[in-house]
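Only one structure is covered here, and it is reproduced in the block below.
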Amino acid sequence: MIGFFNMTRRNLRLFFKDKGLFFSTLITPIILLVLYATFLANIYRDSFASALPDGVVIPDELLNGTVVCQLTSSLLAVCCVTVSFCANLIMIWDKANKSINDFTVSPVKHSTLAVSYFVASAVSTLIITFTALGVSLGYVAIIQGWYLSFTDVLWVILDVLLLTLFGTALSSCINFFLSTNGQASAVGTIISAGYGFLCGAYMPISNFSQELQNVLMFLPGTYGTSLLRNHMMRGVFEEMKAYGFPDDVMTGIRDSIDCNLYFNGNEVPVEMMAGVLIGSVLLFTGIFVLMNILKKKR
Amino acid sequence: MEHIIEIEHLCKSFGDIKAVQDLSFIVKRGELFAFLGVNGAGKSTTISMLCGQLKKDSGNILVCGENVERNFEKISRKIGVVFQNSVLDVPLSVRDNLRSRASLYGIKGKAFEKRLNELAQLLDFSDLLNRPLNKLSGGQKRRIDIARAILHKPEILILDEPTTGLDPQTRNLLWDVINNLRKEKQMTVFLTTHYMEETADADYIVILDSGKIAAKGTPLSLKNEYAGDYITLYGIDESSVKQLGMPYESIRDAFRISVPNTEKATELILSHPYLFKDYEIIKGKMDDVFLAVTGKKLVGGAEK
């Protein structure tokens with residue numbers, strides 16, 4: 001791995017030198033949070049309250065917790081992937097301005113270059129997603145919907161880490177084929193617009209047709225969103241149970257907001273969701289490194 | 001002298017376009033080898049294959065006795081490349097740029113600092129080390145490009161039009177450095193250039209036209225073969241010049257007579273000694289050679 005450390009440092013420096021890119025990527029999750037809170041919070045609240053069976057009453061604080069945890073988990077699930085597409089640009093810049101030729105005339109291995117791009121992109125994306133996580137947790141606390149235990153917070157941190165690595169691995173595989181800034185911008189826009197729907201962040205996939213749900217269950221991002229939501233809302237569900245919510249109502253709520261996912265009719269446990277995500281990270285990272293090694297000269 | 005680069009029957013096509021056709025030549029250790037041709041002649045394609053960036057269709061490329069496609073990792077430690085356009089990271093400082101590039105060769109820590117200081121002295125950029133590349137002039141950037149290319153002390157320095165767009169002072173500085181490297185380190189220089197005068201000092205020249213070798217040889221042999229001599233005759237009137245029966249042109253205070261070669265010039269002087277009181281014989285220039293070989297003039301890389 002000759003050159004790995006310095007190349008990773010170089011990639012990180014290049015990313016942070018472009019202050020416009022860094023700050024716009026950093027504030028995107030915060031803008032999204034403000035938009036979610038402004039336009040969607042009341043819709044979520046009303047829709048949740050109206051979906052409760054007759055006779056079931058929920059205190060305001062618990063309702064706040066339910067809505068805000070659902071909102072922030074959706075936001076984080078989307079950001080971890082879309083931000084990684086915005087941050088994983090160095091390898092495209094290197095192709096666009098031909099810096100890549102400077103590396104390929106040297107003895108450095110293509111796999112080393114690939115891993116240095118991956119690590120730098122993961123680190124820069126993590127800085128942004130952890131900032132978004134901090135702001136999100138702050139928002140949950142301010143809105144008086146905090147039901148998270150210390151362990152929950154640790155799990156959420158781990159989920160954000162996993163989802164960010166997944167986003168980095170996925171964006172690395174897709175960006176591998178791009179060679180101009182225009183292409184990168186087009187792909188970033190498509191991902192930003194579409195990923196939220198595909199992963200069940202903008203709308204729970206339980207709202208979609210059964211056929212579409214079956215297809216979406218093959219996408220690893222779906223499990224990432226559900227994983228994050230399960231950990232963000234565990235305290236809320238515990239509080240609901242303590243408050244005396246019947247089990248069938250609890251299951252209905254969990255189903256409606258994708259905390260319970262069903263693959264081929266079988267419920268997917270949370271551990272399995274994490275396993276799918278870890279497997280996807282390893283698979284996509286492996287594919288990316290392999291593509292770099294096997295890349296043929298023209 | 002040992003052969004450091006051997007290219008045999010090299011061919012490369014992009015679809016229907018035959019970029020390089022049956023190219024064969026040898027570069028000897030320590031020499032300045034010049035590769036001439038208009039844009040699209042196949043120079044950069046050849047360099048890309050030589051540097052392992054492009055796959056050849058057929059033929060053979062040996063660098064330091066190693067096959068480029070089979071043993072490129074070994075070869076990559078022996079070549080340094082100055083690309084046509086700078087490929088360094090413009091937002092980063094000179095030091096950061098060179099540090100990341102040095103690490104590709106395993107040069108880091110104190111070894112890097114030592115080498116950086118040597119290069120900064122050699123190429124006179126000690127005061128630029130902490131400046132970002134986008135704050136440097138064209139000439140300063142080119143010096144950093146050369147420093148990057150020779151960071152790992154390569155045996156062969158490949159220069160792809162290194163002085164295009166530089167002011168004469170910077171061009172001279174760069175050539176002084178390159179010539180010193182050749183003399184002191186026995187470095188072989190493989191050069192493509194649009195400046196004909198830069199090829200005058202070359203040990204060997206290959207002229208490419210449409211992917212094929214149009215002519216090759218030393219500057220002297222090429223001039224002798226493809227460009228005539230000029231006799232500049234002073235203090236004489238036009239009617240006397242006409243007696244010589246050779247083509248001529250009038251210049252400010254003299255006449256310039258074109259002769260096919262030096263032998264013919266000597267013959268002319270011996271047959272008309274009374275006319276040759278004040279004169280000089282000048283060999284044709286590389287521009288004349290290029291025009292005679294390709295039928296094209298080379299102006300800034302473009303065909304005219």
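Here is how names work: the chains are called A, B, and so on, in the same order as the sequence lines, proteins then strands, and each is numbered from 1.
Proximity to chain A involves both the backbone and the side chain of Y105(B), based on heavy atoms less than 4.5 angstrom apart. Within the 4.5 angstrom heavy-atom criterion, no atom of F5(A) approaches chain B. Interface residue K17(A): only side-chain heavy atoms are found under 4.5 Å from chain B.
Salt bridge K114(B)/E118(B): present, at least one basic N to carboxylate O contact under 4.0 Å. A salt bridge links E198(B) with R171(B): the closest approach of a Lys/Arg side-chain nitrogen to an acidic carboxylate oxygen falls below 4.0 angstrom.
In terms of heavy-atom pairs under 4.5 angstrom with chain B, the leader among V105(A), N6(A), V108(A) is V105(A). For the options I100(A), N101(A), D94(A), N97(A), heavy-atom pairs under 4.5 Å to chain B are most numerous at N101(A). Between chain B and the options R13(A), M7(A), K109(A), the largest number of non-hydrogen pairs under 4.5 Å is found for R13(A). Ranked by heavy-atom pairs under 4.5 Å with chain A, the list D96(B), V81(B), I79(B), I75(B) is led by D96(B). Residue with the most contacts toward chain A among H152(B), R77(B), R101(B), E73(B): R101(B) (heavy-atom pairs, distance under 4.5 Å).
Within 6.0 Å of CG on L282(A) lie more than 12 heavy atoms contributed by other residues, nucleotides or ligands.
Geometrically, K28(B) does not engage F33(B) in a cation-pi contact defined by less than 6.0 Å to the ring centre and at most 45° from the axis.
Note on ring orientation: taking the six-membered ring where Trp is involved, the planes of F25(B) and F35(B) are tilted (angle from 30° to 60°).
No donor-acceptor distance shorter than 3.5 angstrom exists from the side chain of R131(B) to the backbone of L136(B), with no hydrogens or angles considered.
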